There are 2 protein chains.
Amino acid sequence: MERTLDRRSQILEVAARLFAERGFHGVSVGDIGRAVGISGPALYKHFDSKDDVLAEMLVAISERLLTEGQERVAQAHSPDAALAALVDWHVEFALAQPSLIVVQDRDWQSLAVEARERVRSLQREYVDLWADQLRRRDPDLTTDRAQAMAHAAFGLINSTPHSSRLPQSAMRELLAGMALGSLGLKSLS
Amino acid sequence: MERTLDRRSQILEVAARLFAERGFHGVSVGDIGRAVGISGPALYKHFDSKDDVLAEMLVAISERLLTEGQERVAQAHSPDAALAALVDWHVEFALAQPSLIVVQDRDWQSLAVEARERVRSLQREYVDLWADQLRRRDPDLTTDRAQAMAHAAFGLINSTPHSSRLPQSAMRELLAGMALGSLGLKSLS
DNA sequence: GCCTGCGGTTAACGAACGTTAACCTCTGTC
DNA sequence: GACAGAGGTTAACGTTCGTTAACCGCAGGC
């Protein structure tokens with residue numbers, strides 16, 4: 001069954017899909033309500049506002065990406081292993097939650113200031129998690145350059161919603177291989 | 001001076017910047033008018049509708065990316081050289097027109113059916129331009145996989161609006177190197 | 001067996017949107 | 001020097017939006 005998540009989670013899930021398809025401003029609260037089987041203003045029994053739905057969604061993603069990323073880095077025994085673990089994690093997340101990935105880099109600008117700054121700060125920390133490992137591997141790398149490399153790797157991996165023709169396992173292997181290649185790590189196969 | 005482009009081009013340019021910042025649905029015709037120094041409905045002296053502005057913008061980008069890409073491939077003497085030329089071209093375009101890059105992959109879904117299909121078709125052709133060169137280089141590559149690789153490379157290169165800390169020439173070199181690395185080509189330096 | 005509160009409903013609101021209408025002011029043409 | 005058209009203006013339109021208000025049914029605790 002599984003469609004008996006509590007309403008709140010169900011709304012978040014469905015709203016993510018709609019936001020990914022049409023953008024935050026392209027989706028009305030009526031659309032969201034209809035998609036979960038309630039109608040319009042009932043949404044306000046669960047959230048303070050439409051902006052709140054987006055905020056909760058984006059803060060949750062950013063936190064999840066960061067904390068799981070930190071854990072995987074902590075368990076790695078070399079910068080190369082850490083980077084491989086980060087790539088695997090990001091690929092896994094992007095393949096499992098393509099809608100969230102799309103919303104995260106398309107609609108964060110629609111957040112109210114407070115939530116926006118929280119999300120930005122978490123994202124910066126996540127970028128730096130990658131950048132630090134890159135600089136441990138190559139101490140000549142400047143911080144700016146390492147951050148730009150992390151962003152580029154995210155862009156590569158986050159492209160997955162744009163090309164869903166491949167089976168998931170093939171896509172996972174392809175994206176991980178390309179990401180490692182782009183960062184100058186030798187791919188396994 | 002140069003700010004005496006004809007109004008039409010000026011509107012397209014300014015609208016691209018606004019759409020990139022806030023999304024198509026997050027920008028009103030009043031916003032666009034204000035940004036070019038006229039007010040609201042005056043825009044209709046130059047375009048049939050707000051959708052028309054977006055359509056013209058996106059069709060122009062897609063055509064430009066494709067035709068210049070085709071020319072660069074035609075002048076290359078090997079698949080490797082063709083891919084390097086495509087990477088250089090895409091990087092150059094993304095650095096010169098970050099707003100257009102953002103709008104192109106964020107707001108194409110807001111297009112009316114006709115324009116949307118035209119843009120999609122041009123984009124498919126551009127993807128295949130890349131995919132064909134990848135398959136000439138490695139005949140074992142399936143079409144689906146080659147297309148996914150092209151999309152991933154676009155994602156990497158198109159990440160440039162998200163990280164503008166580096167000087168442009170350093171960014172050009174970084175993105176080109178990473179893109180080639182992701183595609184399995186040996187980078188020059 | 002009442003009552004409280006959760007999760008719904010429909011109706012209504014003011015604001016903002018895209019667009020149209022009506023009008024004005026130049027500028028170049030015959 | 002009348003006139004047409006290009007490119008502006010403000011006022012006004014209908015629609016849609018996010019949100020609030022008022023109301024209702026039902027489950028669980030006392």
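Fair warning: this is a prediction, and the values are worked out from it, not measured in the lab.
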Which atoms of nucleotides 23-28 of chain D (N or O only) lie under 3.5 Å from a protein N or O atom, and what are those distances?
none

- Cationic tip of Arg116(A) above Trp108(A) ring, under 6.0 Å, 45° of axis: no
- Ile38(A) CD1 to dC6(C) P: how many Å, rounded? 16 Å
- Could you give the CG-to-P distance, from Leu43(A) to dA21(D), as a whole number of Å? 17 Å
- Item | Listed once per pair and sorted, the salt bridge (Lys or Arg N to Asp or Glu O under 4.0 Å) pairs that draw on residues 142-166 of chain A, sequence neighbours left out | Asp144(A)-Arg165(B), Arg145(A)-Glu173(B), Arg165(A)-Asp144(B)
- Message: Below the 4.0 Å mark, does dG8(C) have OP1 or OP2 next to a side-chain nitrogen or oxygen of Arg7(A)?
- Response: yes
- Query: Would Asp132(A) and Arg135(A) pass as an ion pair if we require N to O under 4.0 Å?
  - Reply: no
- Would you kindly give the CZ-to-C1' distance between Arg8(A) and dC6(C), to the nearest whole Å? 14 Å
- Task: For Glu21(B), check salt bridge (Lys or Arg N to Asp or Glu O under 4.0 Å) against everything at least two apart and list the hits.
- Result: Arg17(B)
- Please round to the nearest 0.5 Å and tell me the distance separating atom NE2 of His151(A) and atom CD of Gln147(A). 7.5 Å
In residues 65-72 of chain A, what donor-acceptor pairs under 3.5 Å come from side-chain atoms, sequence neighbours left out?
{"from": "Thr67(A)", "atom 1": "OG1", "to": "Glu63(A)", "atom 2": "O", "distance (Å)": "3.1"}
{"from": "Glu68(A)", "atom 1": "OE2", "to": "Arg72(A)", "atom 2": "NE", "distance (Å)": "2.9"}
{"from": "Glu68(A)", "atom 1": "OE2", "to": "Arg72(A)", "atom 2": "NH2", "distance (Å)": "3.3"}
{"from": "Arg72(A)", "atom 1": "NH2", "to": "Glu92(A)", "atom 2": "OE1", "distance (Å)": "3.4"}

- Query: Please, which pairs that meet ring pair (Phe, Tyr, Trp, His ring centres under 6.0 Å) have at least one residue in residues 25-73 of chain A, sequence neighbours excluded?
  - Reply: none
- How are the rings of Phe154(B) and His90(B) set relative to one another: parallel (under 30°), tilted (30 to 60°) or perpendicular (over 60°)? parallel
- What string of B, S and - do you get for nucleotides 14-20 of chain C 5' to 3' if you count protein non-hydrogen atoms under 4.0 Å? ---SSBB
- Message: Rounded to whole Å, please give me the gap between NE2 in His46(B) and P in dG5(D).
- Response: 17 Å
